[in-house]
Amino acid sequence: MKSFVYTANPTRVIFGPGASSQLPRELSRQGLRAALILSTPYQVEDADRIKNLLGSEAVGVFSEAAMHTPIEVTEKALEVTRGLKADSIVSIGGGSTTGLGKALSIRTGLPHISIPTSYAGSEMTPHLGETAKGVKTTRSDSKILPATVIYDVDLTLTLPQTLSATSGVNAIAHAVEALYAPDTNPVIALFAKEGVRALASSLPIIGNDAKDRAARSQALYGAWLCGTCLGNTTMSLHHKLCHTLGGSFNLPHAETHTILLPHTLAYNSPVVPEVMRGLAEVLVDAEGDAINGLNGLLDRLGVKRALKDYGLKEEDIDKAAAIAVNNQYANPREVKQDKIRELIRRAWAGEPARADL
Ligand code: NAD
């Protein structure tokens, strides 16, 4: 076995159907009595339900969380936090709302309790991406990590089926890259394989029945494990490419991850045979081939496979490939511009991934 370093991130995790009912006890355990609740406009009803649950221990709801954590929204929320004399932040929603919770917590020092309702995984990471004047910057700090994460399976029953599929594959991507990360370790490998197994087996069931509680439980459990992978290891080609394409061509986050994942894994496959074997074991119907397993999963989920469906133009492919190789980053295989161009072209066209890159 190779030598390794493993640092556990100190978040308390409460998991289960109806788990958000434990929020009042969790706040009082931490001596907190004035929570500000965050959500997107779309989930204001979820936020109001939490406010009612807390009664006088809630000081208000701020429901303007938005994608990519725009600084103007954070500043407005900061004023509300101070005006209401909040002593804690409770975020309820997907990665966008968790991001706002992190942005407020790192600025004020207030404890952040995150109630994630998608599979994005941000709640388990010390990373924060913020957008100012259209430019997104990312920073990491252990203080960004939420103090407590409450995974309430019931709150995920309303996650639309298409977003459940793409958000779930977004989570799988964290686990895939954790397996070949330069700082991977045996503990994270356990999390990663179990996370992929849980999501790959449950997402197609959710695709047929969004309210299937057992499948929703498995998927959220998988999302927690995969989020832990993201928070504990350095991501490579796949995440960098998604970041580049999302930032430069305004492509949607989870959908871009979903389309690219089989292709980026195919690119790295020649140099990570052990990872490929491990993934083939946990992907359903992979028949010994992880690329086959991922192609099949996306087919079963019925998600869009082509970046052109989200507005990427054919003439953008060269520019995207050039940006993708512009900065150096960790990747098990050398990143070559002509091969990355072909990878992006296949993803643009919606072709199934092949290991001949
Ligand atoms: P999102 O948070 O933007 O959610 C998309 C929409 O779905 C929102 O309107 C949201 O309110 C709604 N929604 C979420 N859960 C729902 C539910 N259960 N029922 C009904 N509606 C629901 O999207 P996302 O994919 O969860 O997160 C993406 C964002 O998170 C991106 O900005 C990404 O950069 C960030 N992110 C950050 C990290 C990190 O470590 N910093 C990790 C992953 C993602």
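The model shown is predicted, which means the values in this text are computed figures rather than measured ones. We count ligands from 1, going down the list as the structure has it; atoms in each ligand are counted the same way.
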For ligand 1, the portion of [X] having any non-hydrogen atom under 4.0 Å away:
X: His68; value: both
X: Met124; value: neither
X: Thr69; value: neither
X: Thr138; value: neither
X: Thr40; value: side chain

Within ligand 1, which atoms have a heavy atom of [X] less than 4.0 Å away?
X: Thr117; answer: 14 (C), 15 (N), 16 (C), 17 (C), 18 (N)
X: Gly95; answer: 2 (O), 24 (P), 26 (O), 27 (O), 29 (C), 30 (O)
X: Lys136; answer: 34 (O)
X: Thr125; answer: 39 (C), 40 (O), 41 (N)
X: Met67; answer: 3 (O)
X: Gly94; answer: 2 (O), 14 (C), 26 (O)

### Task
Can you see which heavy atom on Ala290 is nearest to which on Leu265, and at what distance?
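Smallest heavy-atom distance, with atoms named: CB-CD2, 4.1 Å.
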
### Message
Restricting to non-hydrogen atoms, name the atom on Leu53 and the atom on Ser21 that form the minimum distance, rounded to 0.1 Å.
### Response
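In terms of heavy atoms, the two residues are closest at CD2-CA, 4.1 Å.
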
### Message
Check Asp46 with Arg49, please: is the shortest side-chain N to carboxylate O separation under 4.0 Å?
### Response
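Judged by the 4.0 Å cut-off on N to carboxylate O distance, Arg49 and Asp46 do form a salt bridge.
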
### Ion pair check, Arg216 and Asp154, cut-off under 4.0 Å
no

What is the closest protein heavy atom to [atom], and at what distance does it sit?
atom: atom 25 (O) of ligand 1; answer: Ala120 CB, 4.1 Å
atom: atom 36 (N) of ligand 1; answer: Ser122 CB, 4.1 Å
atom: atom 18 (N) of ligand 1; answer: Leu155 O, 2.9 Å
atom: atom 3 (O) of ligand 1; answer: Ser96 OG, 2.6 Å
atom: atom 10 (C) of ligand 1; answer: Gln43 OE1, 3.3 Å
atom: atom 20 (C) of ligand 1; answer: Thr158 O, 3.5 Å
atom: atom 44 (C) of ligand 1; answer: His253 NE2, 3.7 Å
atom: atom 7 (O) of ligand 1; answer: Leu163 CD2, 3.4 Å

#### Entry: His239 touching ligand 1 at heavy-atom level, < 4.0 angstrom
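It does not, in that no heavy atom of His239 comes within the 4.0 Å cut-off of ligand 1.
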
With a cut-off of 6.0 Å (strictly less than), are more than 12 heavy atoms of other residues, nucleotides or ligands near [atom1] of [X]?
X: Arg107; atom1: CZ; value: yes
X: Tyr42; atom1: OH; value: no
X: Asn250; atom1: CG; value: no

### Task
Take the angle between the ring planes of Trp224 and Phe191 and call it parallel below 30°, perpendicular above 60°, tilted in between.
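Correct class here is perpendicular.
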
#### Entry: His257 and His239 aromatic ring geometry - parallel, tilted or perpendicular at 30°/60° bounds
perpendicular

### Task
Please report the C-alpha distance between Val303 and Val169 in whole Å, then the side-chain angles of each, then the deciding distance to 0.1 Å, and finally whether the side chain to side chain contact (heavy atoms under 4.5 Å, CB included) criterion is met.
CA-CA 10 Å; Val303 289; Val169 179; over 6 Å; no

### Query
Restricting to pairs with a member in residues 332-349, which pass side-chain hydrogen bond (donor to acceptor under 3.5 Å, both in side chains), not counting sequence neighbours?
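side-chain hydrogen bond (donor to acceptor under 3.5 Å, both in side chains) check on residues 332-349 returns Asp318-Arg341, Glu342-Arg345, Glu342-Arg346, Arg345-Glu351, Arg346-Asp356.
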
